[in-house]
Amino acid sequence: MISEKELLVNRFISVPKDMGAFNCGAFVAGIVRGVLDNAGFPAVVTAHFVPIEGQQRPRTTILIKFAEEVLRRESRLG
């Protein structure tokens with residue numbers, strides 16, 4: 001997990017009201033996925049809003065779930 005209190009793209013990009021709670025952090029999640037994939041670590045990467053008690057804006061968490069092949073490979077390596 002990567003957790004960011006105020007992700008830069010969420011601070012400076014306006015989301016139309018009809019898009020609801022769209023998280024622009026999905027763009028960052030795509031970048032993280034691309035870096036991991038090209039480094040030989042395929043994964044599913046998603047962005048989620050997480051409410052913070054007492055704060056108006058939620059925190060963004062980038063969740064990384066590595067592919068089974070990566071987990072098997074890493075367990076063999078030690």
Side-chain angles (χ1 to χ4, degrees):
M1 271 191 260
I2 301 171
S3 189
E4 181 66 36
K5 183 176 180 183
E6 196 166 355
L7 197 62
L8 196 61
V9 294
N10 287 336
R11 191 178 337 156
F12 292 107
I13 297 176
S14 298
V15 177
K17 292 190 186 306
D18 65 329
M19 301 272 307
F22 179 75
N23 188 340
C24 295
F27 175 72
V28 176
I31 293 171
V32 170
R33 180 183 176 270
V35 169
L36 289 171
D37 194 46
N38 283 298
F41 295 90
V44 174
V45 184
T46 54
H48 305 272
F49 280 133
V50 179
I52 305 171
E53 190 174 323
Q55 298 288 323
Q56 181 182 1
R57 299 180 71 133
R59 169 182 302 272
T60 297
T61 297
I62 307 292
L63 186 60
I64 303 166
K65 181 172 171 53
F66 289 104
E68 265 314 304
E69 64 189 75
V70 173
L71 301 176
R72 283 194 301 271
R73 180 184 70 209
E74 295 301 310
S75 69
R76 282 194 314 259
L77 293 174

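Predicted model only: the values in this text are computed from it and were never measured. Along the sequence shown, residues are numbered consecutively beginning with 1.
Of all the heavy atoms in A47 and A26, the pair that sits closest is CB-N, 3.6 Å. Considering every non-hydrogen atom in both R59 and K5, the closest pair reads NH1-N, 3.7 Å. Of all heavy-atom pairs between L7 and G25, the closest is CD2-CA, 3.5 Å.
Taking 4.5 Å as the limit, some side-chain heavy atom of S3 sits within range of a side-chain heavy atom of T61.
Remark: the backbone N or O of R33 is not paired with any side-chain donor or acceptor of D37 at under 3.5 angstrom.
The hydrophobic clustering, which links ILVMFWY residues whose side-chain heavy atoms are closer than 4.5 Å, places F66 and V45 together. Note on V44 and V32: separate hydrophobic clusters, where clusters join Ile, Leu, Val, Met, Phe, Trp and Tyr whose side-chain heavy atoms are under 4.5 Å apart, directly or indirectly. Linking Ile, Leu, Val, Met, Phe, Trp and Tyr whenever their side-chain heavy atoms come within less than 4.5 Å puts L71 and I64 in one cluster. V70 and L36 fall within the same hydrophobic cluster, defined by Ile, Leu, Val, Met, Phe, Trp and Tyr side-chain heavy atoms under 4.5 Å apart, directly or through other members. There is no path of hydrophobic side-chain contacts, each under 4.5 Å, that joins F49 to I2.
A side chain to side chain contact (heavy atoms under 4.5 Å, CB included) with N23 holds for exactly one of V9, T46, T60; it is T60.
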